[in-house]
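Working notes for the structure below.
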Amino acid sequence: MRCGVLALQGDWAAHIGALERAGAAARPVRTATELEEIDALVLPGGESTVVLRLLEREGWMERLVERLRNGLPVLATCAGIILLARDVTPEQPSFGLLDIGVRRNAYGRQVSSTIVPVRLSEAFAGPAEMEGVFIRAPRIERVGPGVEVLGWRGDDPALVRQGAIVAATFHPEITGDDRVHRYFLDVAGGTP
Amino acid sequence: MMQFDDPKFRVKVGLAEMLKGGVIMDVTTAEQAKIAEDAGAAAVMALERVPADIRAEGGVARMSPVEKIREIQEAVSIPVMAKCRIGHVAEAKILEALKVDFIDESEVLTPADEENHVNKHPFTVPFVCGCRNLGEALRRIGEGAALIRTKGEAGSGNIVEAVRHLRTVQRQIKTLTILDEHELMAEAKQLQAPFELVRWVAEHGKLPVPNFAAGGVATPADAMLCMMLGAESVFVGSGIFKSSDPAKRASAIVGAVTHWQDPAKVAELSVGLGEAMSGLDIAKLTPEEMLSRRGW
């Protein structure tokens with residue numbers, strides 16, 4: 001399976017490292033051509049407004065959304081989940097493909113960023129918790145009926161799945177724990 | 001190393017990780033901050049005067065007025081950084097109380113302490129600091145900086161100093177990786193850097209925190225050059241709002257940082273930008289006029 005990481009801005013290189021540790025080859029995606037050469041995609045952390053503006057300028061955002069709508073498996077973290085969400089507060093354009101509502105920077109500015117445990121559902125083997133690195137993180141405020149919650153920060157959903165979409169409000173890519181990436185590769189059908 | 005396992009430090013470096021591949025722009029008003037955000041800035045740096053004006057007008061350059069920082073925080077949703085004077089622990093504490101997202105302990109402002117930088121470890125807010133070489137970078141990281149940038153020569157519109165600093169840091173990192181383990185203490189003495197950090201760099205072949213470029217970026221090509229020399233992001237100070245078409249130039253520099261490996265794309269982005277800021281010949285500056293000499 002050819003796994004791509006959207007590499008317009010953000011910590012895309014950390015995702016490539018995590019995917020490789022989980023056993024998948026991964027490459028950066030910066031152009032319309034590169035978008036056609038992948039079977040799964042990661043939308044990394046970064047600034048969602050920057051990535052949106054760059055995508056609009058690149059001229060292939062519609063094609064990206066079309067591929068996602070047609071079932072391209074996607075893993076999104078932090079800024080990535082904001083791009084996918086149906087509703088974003090404060091209002092901001094998004095792909096609207098993941099039936100959740102998110103609030104940007106809901107936990108506050110950087111001084112409120114923190115590392116706290118994320119409690120995992122039974123979908124994950126190993127320890128029942130994983131390290132949740134929350135950086136100016138969004139908060140999931142609404143979860144649609146077709147969305148399965150796989151992880152919680154306290155009572156807040158922090159890791160969700162809807163079909164071929166896996167999305168987190170935290171950053172599993174910058175911890176040593178690659179279980180979310182492995183889970184995504186299973187969903188995408190790419191593990192041997 | 002203990003410092004790198006500390007969750008508090010990791011959260012600080014985490015924000016720096018998210019800023020990679022982005023551009024951080026100096027702004028002095030809410031209006032400029034909006035222009036920067038709309039152009040695709042990954043963060044803005046709130047300050048009273050851009051470095052070119054500080055250079056031209058002289059006088060003591062201080063932390064930005066509180067109301068200005070607040071006005072900028074209200075105007076944009078991207079991270080807001082602000083500068084404190086080197087060693088000015090009180091300005092740093094005040095900026096933290098204002099909940100800025102990053103503090104730049106910066107040589108662009110007039111130093112408050114000619115011997116000491118701020119001990120950045122106890123702070124919750126992350127710090128970025130400038131450097132001219134590896135020793136300086138590691139001293140700042142030793143004090144708790146979560147992000148390193150080159151000093152370059154701020155407000156000059158001339159990339160030559162940033163290039164010197166990027167190349168020096170990269171060369172010194174490479175040198176460490178080929179040294180025998182028995183040579184590391186002597187090298188640490190030479191670099192005037194903490195031994196544990198020297199050993200970390202020798203093992204990993206990179207800085208333990210992200211490494212950005214700053215000081216003199218005026219064109220998309222300047223930004224591309226910094227990325228080619230190993231910078232992971234670029235700060236642009238006077239280069240944007242001292243040019244004839246700030247919105248367009250800002251957006252082109254953002255594009256150049258994303259697509260630095262694609263010269264044809266950067267060529268297209270560089271069309272129709274109007275006049276760049278007029279630059280300074282570094283060789284004609286006296287040592288006292290060089291901001292990069294502040295701090296150690």
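In what follows, every chain begins at residue 1, and chains take the letters A, B, ... in the order their sequences are listed. All of these numbers come straight from a predicted model, not from anything done at the bench.
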Can you find a heavy atom in the side chain of B:K12 that is under 4.5 Å from one in the side chain of A:S113?
no
Return yes if some donor-acceptor pair links the side-chain N/O of B:T124 with the main-chain N/O of A:V111 below 3.5 Å, else return no.
no
By residue number, those in residues 25-38 of chain B with heavy atoms under 4.5 Å from heavy atoms of chain A are B:E37, B:D38
Toward chain B, the part of A:A7 with a non-hydrogen atom under 4.5 Å
backbone
At a heavy-atom separation under 4.5 Å, does A:E56 approach chain B through its side chain, its backbone, both, or neither?
neither
Out of B:V254, B:I78, B:V125, B:D262, which one racks up the most heavy-atom pairs below 4.5 Å with chain A?
B:I78
Separation of A:S112 OG from B:K99 NZ (nearest 0.5 Å)
5.5 Å
Chain A contact residues among residues 202-212 of chain B, heavy-atom distance under 4.5 Å
none
Given a strict heavy-atom distance threshold of 4.5 Å, which part of B:A43 is in contact with chain A: side chain, backbone, both, or neither?
neither
With sequence neighbours excluded, what pairs up with A:R153 under the side-chain contact (heavy atoms from CB on, under 4.5 Å) test?
A:Y107, A:T114, A:V116, A:F134, A:A158
Minimal heavy-atom distance between B:A42 and A:Q9, with the atoms involved, is CB-NE2, 4.1 Å
Quick one: of B:E232, B:Q261, B:K265, B:Q73, who has the most non-hydrogen atom pairs under 4.5 Å with chain A?
B:Q73
Starting from the C-alpha separation in whole Å, work towards a yes-or-no answer on side chain to side chain donor-acceptor pair (under 3.5 Å) for A:R57 and B:S251.
CA-CA 10 Å; A:R57 264 179 237 155; B:S251 156; 3.3 Å; yes
Closest non-hydrogen atom pair between A:R30 and B:H259, with its separation:
O-CE1, 3.4 Å
Tell me, out of A:G46, A:P44, A:S48, who's got the most heavy-atom pairs with chain B below 4.5 Å.
A:G46
Is a side-chain N or O of A:Q110 found less than 3.5 angstrom from the main chain of B:V11, in a donor-acceptor match?
yes
Taking side chain as everything from C-beta outward and backbone as N, CA, C, O, which of these in A:T175 sits under 4.5 Å from a heavy atom of chain B? Side chain, backbone, both or neither.
both
Is the number of heavy atoms from other residues, nucleotides or ligands under 6.0 Å of A:R86 CZ greater than 12?
yes
How long is the straight-line distance from CD1 of A:I115 back to CZ of B:R10, given to the nearest 0.5 Å?
4.0 Å
Go through B:G255, B:P126, B:S233 and name the one with the most non-hydrogen pairs under 4.5 angstrom from chain A.
B:P126
Structural part of B:K8 lying under 4.5 Å from a heavy atom of chain A:
neither
Of all heavy-atom pairs linking A:D11 and B:M18, the shortest is OD2-CE, 3.2 Å
Under 4.5 Å from any heavy atom of chain A, what part of B:S77 do you find: side chain, backbone, both or neither?
both
Please check if the side chain of A:E47 supplies one atom and the backbone of B:A41 the other of a donor-acceptor pair under 3.5 Å.
no
For the atom pair CZ (A:R136) and CG (B:D101), what is the distance rounded to the nearest 0.5 Å?
4.5 Å
I need the full list of side-chain hydrogen bond (donor to acceptor under 3.5 Å, both in side chains) pairs touching residues 88-98 of chain B, with sequence neighbours left out, sorted by first then second residue.
B:R85-B:E91
Please state whether the side chain, the backbone, both or neither of A:E131 comes within less than 4.5 Å of a heavy atom of chain B.
side chain
Give the member of A:V133, A:L54, A:T49 that has the highest number of heavy-atom pairs under 4.5 Å with chain B.
A:L54
